[in-house]
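All chains are named by letter (A, B, ...) in the order of the sequence lines, taking the proteins before the strands, and each is independently numbered beginning at 1. Just so it is clear, the values below take in all heavy atoms, side chains as well, and ignore hydrogens, waters and symmetry mates.
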Amino acid sequence: MIERVRGFRDSYPEDMLPRQKMFDVMRETARKFYFSQIEIPSLEYLDLYRVKSGEELLTQTFSFTDKGGRELTMIPEATPSVVRMLTSRKDLKKPVKWFCLPKLWRYEEPQSGRSREHTQFNADIFGDGSVYADAEIIGLACSTLDKLGLSGKYKVRINDRMLMEKLLRDIGISDISRGYSLIDHYRKLSAEEFKSLLLELCEDREKADFLLQLLGKEIKLDQLGSKFPEKFKKENGEIISRLLNTGKLVTTITDAELVYDASVVRGLGYYTGIVFEGFDTAGEFRSIFGGGRYNNLGQLIAGTQVEAVGFGMGDAVLELLLKKNNLWVLTEKESSFGVCTVGDEAILTAYELATKIRRLGYAVNVDTSQASLSNQLKKAASNSLTHTIIIGPKELRDNVLTIRDMNSGKQFTGKMEDLDNLIKSMAS
RNA sequence: GCCGGGUUGGGGUAGGGGUUAUCCUUGGGGACUGUGGAUCCCCGGACCCGGGUUCAAUUCCCGGACCCGGCCCCA
């Protein structure tokens, strides 16, 4: 017996049904925001990720050298591929609104909400540097969760990289990326540890107190202005008011709670403006989605400057959250037909009937087992078919068919010619 | 890569250095070859892998694989 590869999942029908439903909601919602779907390759040159990441990342990918000596990697994230696709087409009318649902791979130890293969809902707006694009991206992420039934079960924390950079410089931190890295660990370190690490890094210890007070607090956006010292506020009024505007715009799209949180900086990425993360309200899981503005990744990858904002939403955490809220069993009852046959002669007619009903848009299963009718009905019931059709010598003789509603047990016999009407009235 | 806890039929479990490895469920069949998911009966199906200790290992020891969770990292 050969086992499944570590960290990978098998998905059986009972999981696929709700999973596909979830992806359907993502696709539908994206289209309602007038995003177009694209598909990205599953393999890219490793160099695509070298551009913006250190060697650290390379140890966390499924990478290999192909027969021609090329260093390839199974994509660990969507954004570089999407940017590559965008920048290699010069004829696209901006803004470009794209989404995709790629599988992604990471070579890491599997743990809760994270396996080595997962699917991510990824959406981006290119060529629009405005606050409207920021808001629309957050709005799309939230609308998707709302549509899945998660309204009120999650919230969004936002921050702005430029604001944080100013804040860090203001307290005398010159190594900004180290500053981000430390802030990113805020929730993992104890208050004392964090404080001493921060003080190591910064020069102005008095002002550092201010940052410490700001961190880890969820601040309602309309109170954001009052949290900053007057001088700082004046110098960075534009960034602050942009954040406020984003929040205001997002409320026209979703009721989701949106708060400012200085500890959200999104790792060591390529973000240049707003950054955001969606969390379950109970704080039980990893982030549901995350994203932000990244206006210089185009420059890094293709030498073309392009304004960009986007998010990624993994299926793993979302699945945990949906399951916790009993939203994972999304077995929608569409009408489905099982054709039971009695006698060999009935099978040909059964196939003809099945084809006709399929053309009407329903799923049909033909039972050719020639088991006893009672067993066929039993099987149909346990396969959750909503209706059965019985075809046997009697029906063939009289040119009729018998349709049975498996929920109510009601049964009708009608002429073969009236099939369409019979089906329609039964399925309704 | 590191740390902790696990692993007995498809799923959930009981047990245990030696005999036919327990029970529930799922699956297959029958009672019932033209009318249902009930009931009863029958059948199939497991000790993760390798090494060690031992007369004997599924059981004890060591290693590995995989699973769950955590760290690192977070795209």
Would you mind checking if [Y] and [X] are paired as a salt bridge, meaning a charged N to carboxylate O distance below 4.0 Å?
X      : Y      : value
A/R114 : A/E108 : yes
A/D261 : A/R187 : yes
A/E117 : A/K103 : yes

Using a cut-off of 4.0 Å on non-hydrogen atoms, how would the nucleic acid contact of [X] be classed: base, sugar-phosphate, or nothing?
X      : answer
A/E14  : nothing
A/P80  : nothing
A/I75  : nothing
A/S372 : sugar-phosphate
A/Q411 : base
A/G409 : base
A/N383 : nothing

Identify each donor-acceptor pair in which a side-chain atom of residues 82-90 of chain A lies under 3.5 Å from a protein atom, sequence neighbours left out, and give them as a table.
unit_1	atom_1	unit_2	atom_2	d
A/R84	NE	A/E44	OE1	3.1
A/R84	NE	A/E44	OE2	3.3
A/R84	NH2	A/E44	OE2	2.8
A/T87	OG1	A/V83	O	2.8
A/T87	OG1	A/R84	O	3.3
A/S88	OG	A/R84	O	2.9
A/S88	OG	A/M85	O	3.2
A/R89	NE	A/D91	OD1	2.6
A/R89	NE	A/D91	OD2	3.4
A/R89	NH2	A/D91	OD2	3.3
A/K90	NZ	A/T87	O	2.8

If I pick the [atom1] atom on [M] and the same atom on [N], what distance separates them, to the nearest angstrom?
N      : M      : atom1 : answer
B/rG50 : B/rG15 : P     : 26 Å
B/rG12 : B/rA46 : C1'   : 13 Å
B/rC62 : B/rU7  : P     : 15 Å
B/rC24 : B/rA14 : C1'   : 11 Å
B/rC49 : B/rG10 : P     : 13 Å
B/rC2  : B/rU20 : P     : 44 Å
B/rG17 : B/rG4  : P     : 27 Å
B/rC67 : B/rC32 : C1'   : 44 Å

Of the nucleotides [options], which has the atom closest to the [X] side chain?
X      : options                : value
A/P76  : B/rA75, B/rU35, B/rG36 : B/rA75
A/S374 : B/rC73, B/rG34, B/rC32 : B/rC32
A/E108 : B/rC32, B/rG34, B/rC73 : B/rC73

Nearest-Å distance for atom pair [atom1]/[atom2], residues [X] and [N]:
X      : N      : atom1 : atom2 : answer
A/R404 : B/rG36 : CZ    : P     : 7 Å
A/D405 : B/rU35 : CG    : C1'   : 14 Å
A/L377 : B/rU33 : CG    : P     : 13 Å
A/K379 : B/rC32 : NZ    : P     : 19 Å
A/Q376 : B/rU35 : CD    : C1'   : 10 Å
A/N375 : B/rU35 : CG    : P     : 11 Å
A/L182 : B/rC73 : CG    : P     : 12 Å
A/E77  : B/rC73 : CD    : C1'   : 13 Å

- Side-chain donor or acceptor of A/Q60 under 3.5 Å from a matching atom on the base of B/rA75? yes
- Message: Looking at the base of B/rG34, is there any donor atom on it, or on the side chain of A/E395, that sits under 3.5 Å from an acceptor on the other one?
- Response: yes
- Item | Cation-pi, A/F279 ring and A/R157 (6.0 angstrom, 45 degrees) | yes
- Name all pairs fulfilling the side-chain hydrogen bond (donor to acceptor under 3.5 Å, both in side chains) condition that reach into residues 118-132 of chain A, sequence neighbours left out, sorted by first residue then second. A/Q120-A/N122, A/D124-A/Y294, A/D128-A/S130
- Note on the structure: What residues 185-195 of chain A contributes to the RNA chain B interface at heavy-atom separation below 4.0 Å is A/H185, A/K188
Base partner of [N], which must satisfy Watson-Crick or wobble distances under 3.5 Å:
N      : result
B/rU7  : B/rA65
B/rU39 : B/rA31
B/rU20 : none

Among all residues two or more places apart in sequence or in another chain, which pass the ring-ring contact (aromatic ring centres under 6.0 Å, His included) test with [X]?
X      : result
A/Y107 : A/F62
A/Y271 : none
A/F126 : none
A/F337 : A/Y362, A/H387

- Query: For A/S143, which residues count as a side-chain contact (heavy atoms from CB on, under 4.5 Å) partner, sequence neighbours excluded?
  - Reply: A/T29, A/F33, A/I253
- Message: Can you work out whether A/S382 or A/R114 has the more 5'-proximal nearest nucleotide on RNA chain B?
- Response: A/S382
Kindly give the atom pairs (protein nitrogen or oxygen, nucleotide nitrogen or oxygen) under 3.5 Å for nucleotides 67-70 of chain B.
unit_1	atom_1	unit_2	atom_2	d
B/rC67	OP1	A/G7	N	2.9
B/rC67	OP2	A/R6	NH1	2.9
B/rC68	OP1	A/R9	NH2	2.9
B/rG69	OP2	A/S112	N	3.3
B/rG70	OP2	A/S112	N	3.1

- Residue from A/D134, A/D160, A/N236 passing side-chain hydrogen bond (donor to acceptor under 3.5 Å, both in side chains) with A/R242: A/D134
